[in-house]
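Data first, discussion second: the structure below is written as structure tokens.
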Amino acid sequence: MGRTAYCGRVGPERVGETVTVAGWVHRRRDHGGLVFIDLRDRTGLVQVVVSPDAQGAFETADAVRPEWVVSATGVVAARPDGMANPDLLTGTVEVRATALSVWSRSETPPVSPADGANVDERLRLRHRYLDLRRPEVLQNFVLRDRVVFAVRRWMHAHEFLDVETPTLGRSTPEGARDFLVPSRLQPGHVYALPQSPQVWKQLLMVGGVDRYYQIVKVFRDEALRADRQPEFTQIDVETSFLSQNQILELMEDMVRSVFQEALGVQLPAWPRLTHAEALAQYGTDKPDLRAGPPLVDLTAVGQEVEALALPDETRWVGIVAEAAPFSRKQLDTLVDRARDLGAPGLFWIRRTADGVRTNAGRAFADGGAARLADAAGVRPDGLLLVMAGPTGAVHRHAGAMRLEVAAQLGREAPGFHFLWVTDFPLFEWSEDEHRWTSAHHPFTMPHPDDRELIATDPGRARSQAYDVVLNGVELASGSLRIYDSELQAQVFSVLGLTPAETTSKFGYLLDAFRFGPPPHGGIAFGLDRLVMLMAGADSLRDVIAFPKTHTGSDPVMGSPAPADPGQWAELRLTPWATDAPPRP
RNA sequence: GGAGGCGUGGUGUAGCUGGCCUAACACACAUGCCUGUCACGCAUGAGAUCACGGGUUCGAAUCCCGUCGCCUCCGCCA
């Protein structure tokens with residue numbers, strides 16, 4: 001064996017040297033009397049030339065096939081005049097082989113590393129080892145490594161301790177569905193895989209760790225999406241004795257330094273919006289700042305000019321865009337799309353040389369459409385989309401339409417647009433369960449100004465919780481935590497947890513809080529999402545080496561798989577027949 | 001839990017308003033020829049129970065029903 005050079009790094013500076021390169025046969029071009037082999041490894045391609053003078057090697061070159069593993073020894077030579085390949089990093093040189101060894105053979109691969117990505121993704125995932133041989137696939141993992149390394153370097157420099165927490169834990173109420181692991185030693189009892197190391201890291205703060213981080217797998221048994229996997233990796237962080245503002249600044253600095261180090265990108269300071277501002281301006285708690293200007297509040301004018309006899313509290317919201325790219329038909333499509341979202345309707349107002357055009361008909365009193373366009377600052381050849389409805393719903397719909405418009409324009413600004421969203425509500429009303437639930441999690445510190453509201457008007461109480469949003473994707477979520485047992489008990493009671501339940505479910509945390517818990521707070525970043533966005537990928541699957549499919553199965557090993565009867569017996573469990581009726 | 005899309009040699013697709021399909025094309029593969037190619041070229045050849053099950057029909061890749069798998073979205077995801 002004895003490789004002395006990576007294929008992709010055999011450059012003109014090595015001309016004259018004898019090297020041994022090793023890797024996979026990418027392509028073979030056999031000219032009868034002369035054989036060219038493109039040899040590929042992690043770093044790229046280099047052309048190996050085998051001529052009939054090289055006895056032994058020539059016969060071998062005749063036999064090799066794509067994806068065989070070979071090594072070639074030879075002199076690095078400049079290519080003859082006019083024979084350079086500008087598409088190849090190593091295109092000005094070639095390795096003139098004197099020896100060629102076959103280390104292993106390959107059957108014809110089901111997905112060809114040489115033939116690009118245009119293959120069914122499931123097949124690529126099933127044979128991920130073949131997919132990974134493609135440099136553009138591996139590249140994402142090179143980036144991921146750089147990101148992780150940059151995070152660790154920053155953390156270490158800022159005195160954060162990497163402390164591991166258990167993977168086998170306890171199921172907790174609230175939040176996502178847990179993955180459960182049955183205990184053999186204690187039949188009938190289960191562990192839960194962590195949805196986050198939340199409670200552990202709070203206990204570490206009580207333990208005086210002061211600054212903790214961990215790059216750690218977490219698990220949530222919920223429906224999957226392009227940006228959601230059942231197991232994923234968090235950059236989990238917790239600190240003591242810092243204000244919310246200090247935490248935000250620290251974390252922003254961390255991400256900035258990671259972008260600088262891993263991508264060479266200098267990020268500007270991140271804007272901050274409160275949750276209420278985000279909803280009002282973008283109709284979502286994860287605004288995509290690339291998708292055009294914010295929503296415009298047109299309530300004052302809208303209420304004045306509307307001729308529909310809408311309720312007094314109706315809010316009016318506008319989206320401003322260029323008109324030119326939208327045909328009449330596309331505008332109709334937008335109206336349909338708004339209905340699909342559940343919005344009552346969508347008016348478009350188009351400003352032309354000779355006034356305005358609109359689909360609003362008699363919805364507005366005379367000149368109403370023009371007045372709305374004025375109020376929204378629509379320029380000539382501009383377009384205004386107007387929606388009306390109750391606060392909240394109309395913003396949500398308009399926010400979705402804003403993204404729809406941006407998608408149709410196809411002009412999302414490039415780059416990384418971060419922001420902080422702060423002051424999330426403490427509670428959300430669950431229609432399903434008919435009770436208050438935590439907007440973030442049950443340990444979230446209420447906003448200091450809203451303590452009274454917890455008892456009197458929980459829905460209006462804000463929390464000291466914050467999110468990092470990047471290009472419309474929720475990238476991180478965190479909060480200051482409650483460290484006072486009484487306050488914690490009050491929050492539990494709003495959530496409808498009885499003292500007996502809290503003792504049984506969270507007693508260990510409440511116990512710890514009896515022994516001097518420091519003020520603390522933290523955050524968790526979705527590492528996979530971060531890398532996905534940095535890589536410009538569309539799916540988490542592109543940045544996870546062996547991802548699960550949409551239905552949670554692993555195409556490589558074929559998990560989940562039935563357990564055999566002996567395993568069930570050991571656990572004292574009996575699986576329900578899959579065709580059995582749902583449990584009562 | 002719901003909506004939509006897709007499933008045809010190893011791969012990507014065409015065919016899918018039923019018979020002309022004994023399923024076409026490209027790539028890959030095999031054999032042979034070729035000393036400057038780089039998606040090499042040329043010639044010849046092999047390779048598919050059209051995802052699975054059922055139905056309609058004289059006749060189904062094509063129409064209908066169901067199942068499975070994959071993808072996207074809504075619900076869900078503290």
Side-chain angles (χ1 to χ4, degrees), chain A residues 26-39 45-53 58 61-62 65-67 77 79-88 90-92 94 96 106-127 130 172-178 195-196 198-199 218-230 232 337 340-342 400 424-428 430-433 436-444 463 465 467 474 477-479 491 495 524 526 538-539 541 548-553 555 558 579 582:
Chain A
H26 188 71
R27 277 206 172 81
R28 190 180 70 108
R29 291 176 295 280
D30 182 350
H31 287 247
L34 193 66
V35 180
F36 298 94
I37 294 170
D38 289 338
L39 194 62
L45 297 179
V46 69
Q47 173 166 281
V48 175
V49 192
V50 191
S51 82
D53 320 339
F58 187 70
D62 205 46
R65 290 294 179 268
E67 303 311 316
R79 294 197 186 181
D81 281 351
M83 297 300 161
N85 181 354
D87 298 333
L88 220 55
T90 59
T92 60
E94 60 196 11
R96 304 215 166 125
S106 172
E107 295 177 16
T108 300
V111 291
S112 163
D115 277 350
N118 194 19
V119 176
D120 180 53
E121 193 189 12
R122 179 160 151 266
L123 202 62
R124 286 173 40 210
L125 291 180
R126 189 171 150 75
H127 301 281
L130 294 175
T172 53
E174 309 286 305
R177 209 171 279 121
D178 288 314
Q195 300 174 26
S196 97
Q198 184 58 38
V199 193
V218 299
F219 306 86
R220 293 175 190 179
D221 190 5
E222 294 291 344
L224 305 180
R225 288 279 199 289
D227 63 351
R228 279 193 238 157
Q229 283 272 310
F232 60 102
R337 177 76 188 132
D340 289 346
L341 290 167
F424 274 75
L426 189 57
F427 301 109
E428 280 166 357
S430 164
E431 287 297 340
D432 284 355
E433 299 173 66
W436 292 106
T437 57
S438 289
H440 184 51
H441 60 54
F443 319 111
T444 307
S463 68
D467 274 6
E474 181 193 316
S477 203
S479 63
V491 168
L495 295 174
D538 296 322
S539 167
R541 294 186 296 273
K548 304 280 191 287
T549 68
H550 195 251
T551 48
S553 56
D579 55 357

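Reminder, nothing fancy here: chain letters follow the sequence lines and each chain counts from 1.
OP1 or OP2 of B/U72 sits under 4.0 Å from a side-chain N or O of A/R541. For B/C70, the OP1/OP2 oxygens have a side-chain nitrogen or oxygen of A/T551 closer than 4.0 Å. Distances shown here put every side-chain N or O of A/S112 at or beyond 4.0 Å from the OP1 or OP2 atom of B/C29.
Applying the side-chain contact (heavy atoms from CB on, under 4.5 Å) criterion to A/A400, with sequence neighbours excluded, gives A/L341. A search for side chain to side chain donor-acceptor pair (under 3.5 Å) contacts involving A/T549 returns A/T551, A/S553, not counting sequence neighbours. With sequence neighbours excluded, the residues that form a side-chain contact (heavy atoms from CB on, under 4.5 Å) with A/V119 are A/V111, A/L123, A/R124. Scanning for side-chain contact (heavy atoms from CB on, under 4.5 Å) contacts around A/Q195 gives A/A176, A/D178, A/R220, with sequence neighbours left out. Considering only residues two or more places apart in sequence or on other chains, A/S106 meets the side chain to side chain donor-acceptor pair (under 3.5 Å) condition with none of them. Under the rule for a side chain to side chain donor-acceptor pair (under 3.5 Å), the partners of A/E121 that lie at least two apart in sequence or sit in another chain are A/R541. Looking at residues two or more places apart in sequence or on another chain, you find a side-chain contact (heavy atoms from CB on, under 4.5 Å) between A/E433 and A/S430, A/R435, A/T437.
Atom CZ of A/R228 is separated from atom C1' of B/G75 by 10 Å (rounded to the nearest Å). Atom NZ in A/K548 sits about 16 Å away from atom P in B/G69, given to the nearest Å. Note: NE2 (A/H127) to C1' (B/C70) measures 15 Å, nearest angstrom. Regarding A/L224, its CG atom lies at a distance of 15 Å from the P atom of B/G75, rounded to whole Å. Residue A/H441 contributes atom NE2, which lies 15 Å from atom P of B/C77 at whole-angstrom precision. Between the CG atom of A/D227 and the C1' atom of B/C74 there is a distance of 14 Å, given to the nearest Å. With rounding to whole Å, A/L130 atom CG is found 17 Å from B/A28 atom P. Taking atom CG of A/D115 as the reference point, atom P of B/G12 lies 11 Å away to the nearest angstrom.
A/T437 comes within 4.0 angstrom of nothing in the nucleic acid, heavy atoms only. Among the protein residues, A/A114 comes within range of no part of the nucleic acid, since none of its heavy atoms lies under 4.0 Å from any strand. Counting any heavy atom pair closer than 4.0 Å across all strands shown, A/A223 reaches a base atom. Note on A/P555: nothing from the nucleic acid sits closer than 4.0 angstrom, heavy atoms only. A/R122 comes within 4.0 angstrom of sugar-phosphate atoms only, judged by non-hydrogen atoms across all strands, and of no base. Using a 4.0 Å heavy-atom criterion, one finds that A/L123 contacts the sugar-phosphate atoms exclusively. Within the 4.0 angstrom heavy-atom criterion, no nucleotide atom of any strand lies near A/T172.
For the P atom pair drawn from B/A26 and B/A14, the interatomic distance equals 16 Å after rounding to whole Å. A gap of 12 Å separates the P atoms of B/C64 and B/G5, to the nearest Å. B/C25 and B/A43: their P atoms are spaced 14 Å apart (whole Å). Distance noted for atom P between B/C52 and B/G69: 15 Å (whole Å). Comparing the C1' positions of B/U49 and B/C34 gives a spacing of 40 Å, expressed to the nearest Å. As rounded to the nearest Å, B/G4 and B/U11 have P atoms that lie 29 Å from one another. Taking the P atom of each, B/U62 and B/C6 are spaced 15 Å apart, rounded to whole Å. Taking atom C1' on both B/C73 and B/A30, the two are 45 Å apart, rounded to the nearest angstrom.
With hydrogens and angles ignored, no donor-acceptor pair under 3.5 angstrom links the side chain of A/R225 to the base of B/C71.
Within the 4.5 Å cutoff, side-chain heavy atoms of A/R79 are placed close to those of A/N85.
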If you apply the rule side-chain contact (heavy atoms from CB on, under 4.5 Å), what do you find for A/E94 with A/I37, and how did you get there?
CA-CA 10 Å; A/E94 60 196 11; A/I37 294 170; over 6 Å; no

Candidate pair A/V491 and A/F427, rule side-chain contact (heavy atoms from CB on, under 4.5 Å), full reasoning
CA-CA 9 Å; A/V491 168; A/F427 301 109; 4.0 Å; yes

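Summarising the base pairing, B/U44 is matched to B/A30 through a Watson-Crick or G-U wobble pair whose two defining distances lie under 3.5 Å. Pair check for B/U72 finds B/A3; Watson-Crick or G-U wobble, both atom distances under 3.5 Å. Nucleotide B/G36 is matched to nothing when pairs are restricted to Watson-Crick or G-U wobble geometry with both distances under 3.5 angstrom.
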Tabulate protein N/O versus nucleotide N/O from nucleotides 2-7 of chain B, keeping only pairs under 3.5 Å, one per line.
none

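At distances below 3.5 Å, at least one donor-acceptor pair connects side-chain atoms of A/R177 with backbone N or O atoms of A/D221.
Comparing A/P66 and A/L125 by the nucleotide of RNA chain B whose heavy atom lies nearest to each, the residue mapping closer to the 5' end is A/P66.
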The contact string for nucleotides 33-46 of chain B, one letter per nucleotide 5' to 3', using protein heavy atoms under 4.0 Å with B, S and - for base, sugar-phosphate only and none, comes out as -BBBBBSB------

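With salt bridges taken as basic N to acidic carboxylate O contacts below 4.0 Å, none links A/R65 and A/E67.
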